[in-house]
Amino acid sequence: MSTTTTATSADNADGSASRSIAAVERAMDVLLLFGRVGRPDLGVTEIAAELGLTKAAVHRILTALRNRDLVTVDPTTRRYALGHAAVALGRAYLARTDLRAIAAPELRRLSEETGETATLSIRRGDMRLYVDQVVPEQELRLEVQLGTPYPLHAGASSKAFLAFLGADEIEVYLAKHALGALTDKTIVDDAALRLELAAIQRRGYATSLGERQVGAASVAAPVFDHDGHVIAVLSAAGPLSRFKPRMSECADRLLAAAARVSGHLGYHAG
């Protein structure tokens, strides 16, 4: 009798634990859904349909999440959004984020796929600098100097920053800085640069044929953070004679790499 009672209690405990774990997993699925769909709020019916849950189950989950301030509800529309506790978790993650560590696998992959040098740049005020690179195993290849500042109008990586800063910031930059020439290919006319930046915005990436470095060709794409701000740029670059005919092909791989890094930072394209 005692043995049977003990076995039954153990079975009950295991069943209860399994149900608790399943409930936690469903709650996590709901939270992750808010980050995945790219919409600011969701209704119960939408959540239920997306996750294959009953509305009653979704209501229970949302009530539990509201009790921990992980979601909030608009009393008028009855639609739910992430609460301040969830936002705090996201900010804690971003504070610990090492951009170079996140981008490193993508730089290696990009260099392998293109057979050229892949770089990571960040912005410092009105300048841009390389902070990491992966070079191919080719006798003729490009290598960049890490930590050296460059202006935001010269070269693909710089223009990729400038193009996605926003119209007001672009105008402030142009008002503050003369467009000095780094090579005879550098764009030094304000009107010409504005047209170039508009083209970059349309296609999503920048190109350069010897604008910063003679004999070099490159393509560069922006990396966005969770708020949609450009915080870094990835590029692929090589000797002009070899890389120029392949720039369009490599741009597709570059855009995919930049999108993956942006996704790791919480960015979801609209």
Side-chain angles (χ1 to χ4, degrees), residues 11-99 101-107 109-110 113 164 166 201-205 221-234 251-270:
D11 290 341
N12 289 339
D14 289 343
S16 177
S18 296
R19 288 191 295 273
S20 296
I21 292 171
V24 170
E25 290 176 340
R26 287 195 296 271
M28 289 190 292
D29 286 340
V30 171
L31 281 176
L32 292 172
L33 180 63
F34 281 97
R36 191 171 70 244
V37 297
R39 296 193 294 274
D41 54 28
L42 292 169
V44 170
T45 301
E46 293 171 85
I47 296 171
E50 287 278 353
L51 299 179
L53 299 173
T54 66
K55 291 183 182 180
V58 171
H59 272 295
R60 288 195 297 271
I61 292 168
L62 291 171
T63 297
L65 295 176
R66 283 182 64 195
N67 290 338
R68 295 294 186 272
D69 294 319
L70 289 166
V71 299
T72 184
V73 63
D74 185 309
T76 303
T77 64
R78 302 304 300 170
R79 293 180 67 81
Y80 291 80
L82 290 177
H84 66 79
V87 174
L89 287 174
R91 286 174 178 161
Y93 165 76
L94 291 171
R96 294 168 57 88
T97 296
D98 184 336
L99 181 60
I102 290 175
E106 293 299 338
L107 292 181
R109 180 176 179 175
L110 184 60
E113 290 179 343
F164 293 95
Q201 292 164 6
R202 287 194 299 272
R203 65 174 174 256
Y205 65 91
V223 171
F224 299 103
D225 67 9
H226 64 294
D227 289 324
H229 299 136
V230 55
I231 61 163
V233 165
L234 297 186
D252 291 336
R253 300 182 183 276
L254 170 70
L255 288 170
R260 287 190 291 268
V261 177
S262 297
H264 281 298
L265 297 173
Y267 176 71
H268 299 280

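Note that these values count all heavy atoms, side chains included, but never hydrogens, waters or copies made by symmetry.
- Across Val261 and Val223, no two heavy atoms sit closer than the pair CG1-CG1, 3.6 Å.
- Under the side-chain hydrogen bond (donor to acceptor under 3.5 Å, both in side chains) criterion, Arg260 pairs with Glu106, sequence neighbours left out.
- Every residue two or more places apart in sequence or in another chain that forms a side chain to side chain contact (heavy atoms under 4.5 Å, CB included) with Ala27 is listed here: Ile61, Leu65.
- Scanning both residues, Pro222 and Gly204, for their nearest heavy atoms gives CD-O, 3.4 Å.
- Asp225 places a side-chain N or O within 3.5 Å of a backbone atom of Asp227 that can act as its donor or acceptor partner.
- With a 4.5 Å cut-off on side-chain heavy atoms, Leu82 and Leu31 count as touching.
- Scored by the side chain to side chain contact (heavy atoms under 4.5 Å, CB included) test, Asp69 finds His84, Ala85 as partners (sequence neighbours excluded).
- Between Phe224 and Phe164, the two ring planes are perpendicular [angle over 60°; tilted spans 30° to 60°].
- The only member of Val71, Val30, Ile47 that meets side-chain contact (heavy atoms from CB on, under 4.5 Å) when paired with Leu42 is Ile47.
- A search for side-chain hydrogen bond (donor to acceptor under 3.5 Å, both in side chains) contacts involving Arg109 returns Glu113, not counting sequence neighbours.
- Open room surrounds CZ on Arg68; 12 or fewer heavy atoms of other groups in view lie less than 6.0 Å from it.
- Minimum interatomic distance between Tyr205 and Ala221 (heavy atoms only, all atoms of both residues): CB-CB, 4.3 Å.
- A distance of 12.0 Å separates CG of Leu53 from NE2 of His59, quoted to the nearest 0.5 Å.
- When every heavy atom of Leu33 is checked against every heavy atom of Glu50, the shortest pair comes out as CD2-CB, 3.9 Å.
- To the nearest 0.5 Å, the span separating CG on Leu265 from CD1 on Ile102 amounts to 5.0 Å.
- Under the rule for a ring-ring contact (aromatic ring centres under 6.0 Å, His included), Tyr80 has no partner lying at least two apart in sequence or in another chain.
- Checked against side chain to side chain contact (heavy atoms under 4.5 Å, CB included), Asn67 has the following partners two or more places apart in sequence or in another chain: Thr63.
- If you take OG1 on Thr45 and CZ on Arg79, they are separated by 9.5 Å, rounding to the nearest 0.5 Å.
- Note: His226 NE2 to Ile231 CD1 = 9.5 Å, rounded to the nearest 0.5 Å.
- Residues Leu255 and Arg203 approach most closely at CD1-O, 4.3 Å, considering heavy atoms.
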